[in-house]
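These notes are about the structure you will find just below.
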There are 2 protein chains.
Amino acid sequence: MSQFAQDTAIERVGEHHFRGELRQGWRIGTVPNGGYVLAVAGRALRAELPHHDPLTVTAYYLAPTVLGPIDCVVEFLGGGRSTSYAEVRMSQDGQLKVKVTAAYTDLDKLSGASWSAADRPQYPPWEQCEAPPDKNLEFRERAEMRLVAGTEVFRERKTNGSGEFCGWVRHSDGSDPDVIALLMFADSFPPPIFTVLGPVGWVPTLELTVQVRAHPAPGPLQVRLRSRHLTRGVLEEDGEYWDSTGQLVAISRQTAKVRIPHDKP
Amino acid sequence: MSQFAQDTAIERVGEHHFRGELRQGWRIGTVPNGGYVLAVAGRALRAELPHHDPLTVTAYYLAPTVLGPIDCVVEFLGGGRSTSYAEVRMSQDGQLKVKVTAAYTDLDKLSGASWSAADRPQYPPWEQCEAPPDKNLEFRERAEMRLVAGTEVFRERKTNGSGEFCGWVRHSDGSDPDVIALLMFADSFPPPIFTVLGPVGWVPTLELTVQVRAHPAPGPLQVRLRSRHLTRGVLEEDGEYWDSTGQLVAISRQTAKVRIPHDKP
């Protein structure tokens with residue numbers, strides 16, 4: 001069993017009620033990564049619903065989670081032949097921490113036209129890209145990444161003004177991504193606003209939506225994460241994720257706030 | 001009182017419980033426009049929460065709404081000094097139709113850095129842009145629009161392959177947009193995939209998230225709505241909205257499905 005499968009495992013503890021465990025290895029500072037927490041909800045939805053794949057999933061992060069047990073109560077909201085809607089309330093010690101709403105489907109049964117506005121960007125392969133020097137970032141023990149450009153932001157605080165990080169990400173134990181892992185990888189890159197402002201403190205996620213399009217093939221995921229509009233401290237981060245065969249497997253958008261420590265020298 | 005204010009008005013009918021009325025004038029075919037319905041939820045949230053402006057709002061459309069009364073039950077989910085989180089369950093005749101999750105704030109109190117990756121696009125003024133020939137589209141009685149390009153898609157089914165509609169939108173009674181109107185205008189343009197596939201039937205919204213950045217100034221809104229990835233019938237629509245002073249006031253993303261009638265000749 002992969003590290004990710006173990007660390008997102010849930011058990012059924014009652015009707016529509018599951019319990020997971022937020023484990024060490026996935027934190028940014030002291031707080032478990034939001035994508036990792038969303039993946040635990042993704043497992044509960046998969047266990048409960050007649051459809052097994054996320055199509056679009058939205059998390060609102062109400063309060064920071066901590067390591068330890070997390071209760072996931074799933075409510076079925078409706079649906080039909082091709083789609084099920086549900087919400088998950090994620091609580092720790094009785095406090096509601098994360099609220100998830102989702103549409104699940106069977107991705108292999110999607111049918112209809114396909115088209116993309118542009119070809120997927122061409123990156124140098126994993127081996128030729130650079131790991132950012134994430135000093136003491138526990139999360140990097142699990143979600144290993146490489147950047148096409150921009151590592152100088154972290155090393156020398158040198159900004160390039162692009163608002164964009166491009167690169168690769170994979171499970172550090174070498175296991176292959178599944179469709180639930182996409183929910184985690186959708187929050188696995190550093191904030192691209194760092195390429196504009198430098199690596200400024202903390203960029204907490206208020207809300208994250210992931211649209212899943214296909215089951216990923218084995219191998220690392222190709223990622224482009226962009227911010228286009230920072231408005232008085234509020235920004236969006238838009239992600240695109242392709243698997244190793246070049247297939248688009250997910251897109252993401254989050255709303256986040258830039259928090260710059262006041263006691264900066 | 002503007003038409004939009006009248007048609008999104010709510011009354012308090014119980015604790016955390018409001019009632020609105022989905023009115024004629026806002027329908028696409030037989031179904032009230034999803035952005036219009038979201039705006040009714042936006043009014044209920046504004047009436048209930050200590051913070052009065054949407055910061056990010058997500059609707060999952062579980063079942064089509066119809067004209068007539070709609071119940072809005074608001075649940076406070078948490079929050080702090082700058083942000084309140086809540087959900088709204090919107091029901092008609094006891095059936096849950098739309099599920100809204102939101103973070104509200106006071107937009108005028110946002111503080112922090114601002115930046116954009118690119119300048120706002122330059123469009124010809126409203127008067128020089130063309131109204132698309134929306135035959136019998138009731139919604140256009142309320143949300144009047146002009147396109148910079150692409151009206152030939154509707155007139156001659158002539159596609160340009162851009163995946164993009166650019167133009168202007170405003171209340172047809174000439175009233176100025178407020179911050180709640182942004183939730184409606186975020187679903188007011190035709191599906192930009194029409195520029196690729198032609199005006200193909202029906203593109204129902206599964207989920208819509210609107211990020212609001214500022215109170216709009218009086219005047220029409222400048223809109224860019226784009227689809228980049230259509231995957232076996234599933235696509236995203238990303239919108240950007242600037243007010244008449246050039247200020248970015250909102251961005252939006254929705255997940256939608258393209259449904260092409262099978263009985264097409």
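We name chains A, B, ... by the order of the sequence lines, and we start the count at 1 in each one. Computed over heavy atoms, backbone and side chain alike; hydrogens, waters and symmetry mates excluded.
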Any non-hydrogen side-chain atom of B:Tyr123 less than 4.5 Å from a side-chain atom of B:Arg224?
yes

Largest heavy-atom contact set with chain B, pairs under 4.5 Å, which of A:Ala113, A:Ser116, A:Gly80
A:Ala113

Using only atom types and a distance under 3.5 Å, with no angle test, would you say the side chain of A:Ser227 pairs donor to acceptor with the backbone of A:Gly163?
no

If one checks every heavy atom of A:Ala214 against chain B at 4.5 Å, the contacting part turns out to be both

Part of A:Glu236 within contact of chain B (heavy atom distance under 4.5 Å):
both

B:His16 vs B:Glu48, test: side chain to side chain donor-acceptor pair (under 3.5 Å). Steps then yes/no.
CA-CA 7 Å; B:His16 319 303; B:Glu48 180 77 3; 2.4 Å; yes

Assert top hit (heavy-atom pairs under 4.5 Å, partner chain B, pool A:Arg213, A:Lys99, A:Arg228) equals A:Arg213

Does the side chain of A:Thr58 come within less than 4.5 Å of A:Glu207's, by heavy atoms?
yes

Interchain contact, A:Glu164 with chain B, by part (heavy-atom threshold 4.5 Å)
neither

Is it the backbone or the side chain of A:Val258 that comes under 4.5 Å from a heavy atom of chain B, or both, or neither?
neither

Does a side-chain heavy-atom distance below 4.5 Å link A:Thr231 with B:Leu110?
no

Under the 3.5 angstrom rule, does the side chain of A:Tyr241 hit a backbone N or O of A:Val212 as a donor-acceptor pair?
no

Counting only non-hydrogen atoms closer than 4.5 Å, does A:Ile193 touch chain B with its backbone (N, CA, C, O), its side chain (CB onward), both, or neither?
side chain

Of the listed B:Ser252, B:Gly79, B:Ala118, the one with the largest count of heavy-atom pairs under 4.5 Å with chain A is B:Ser252

Whether the side chain of A:His52 engages the backbone of A:Arg46 through a donor-acceptor N/O pair (distance < 3.5 Å, no angle test) should be reported.
yes

Quick one: of B:Leu96, B:Thr83, B:Leu55, B:Leu235, who has the most non-hydrogen atom pairs under 4.5 Å with chain A?
B:Leu235

Side chain, backbone, both or neither of A:Thr209 within contact of chain B (heavy atoms, under 4.5 Å)
side chain

Tell me, for A:Arg259 versus chain B, whether the close heavy atoms (under 4.5 Å) come from the side chain, the backbone, both or neither.
neither

With a 4.5 angstrom heavy-atom cut-off, is it the side chain or the backbone of A:Glu87 that approaches chain B, or both, or neither?
side chain

Between the side chain of A:Asp243 and the main-chain N/O of A:Pro216, is any donor-acceptor distance below 3.5 Å?
no

Please identify, among B:Leu197, B:Val196, B:Thr56, B:Leu248, the residue contributing the most non-hydrogen atom pairs under 4.5 Å to chain A.
B:Thr56

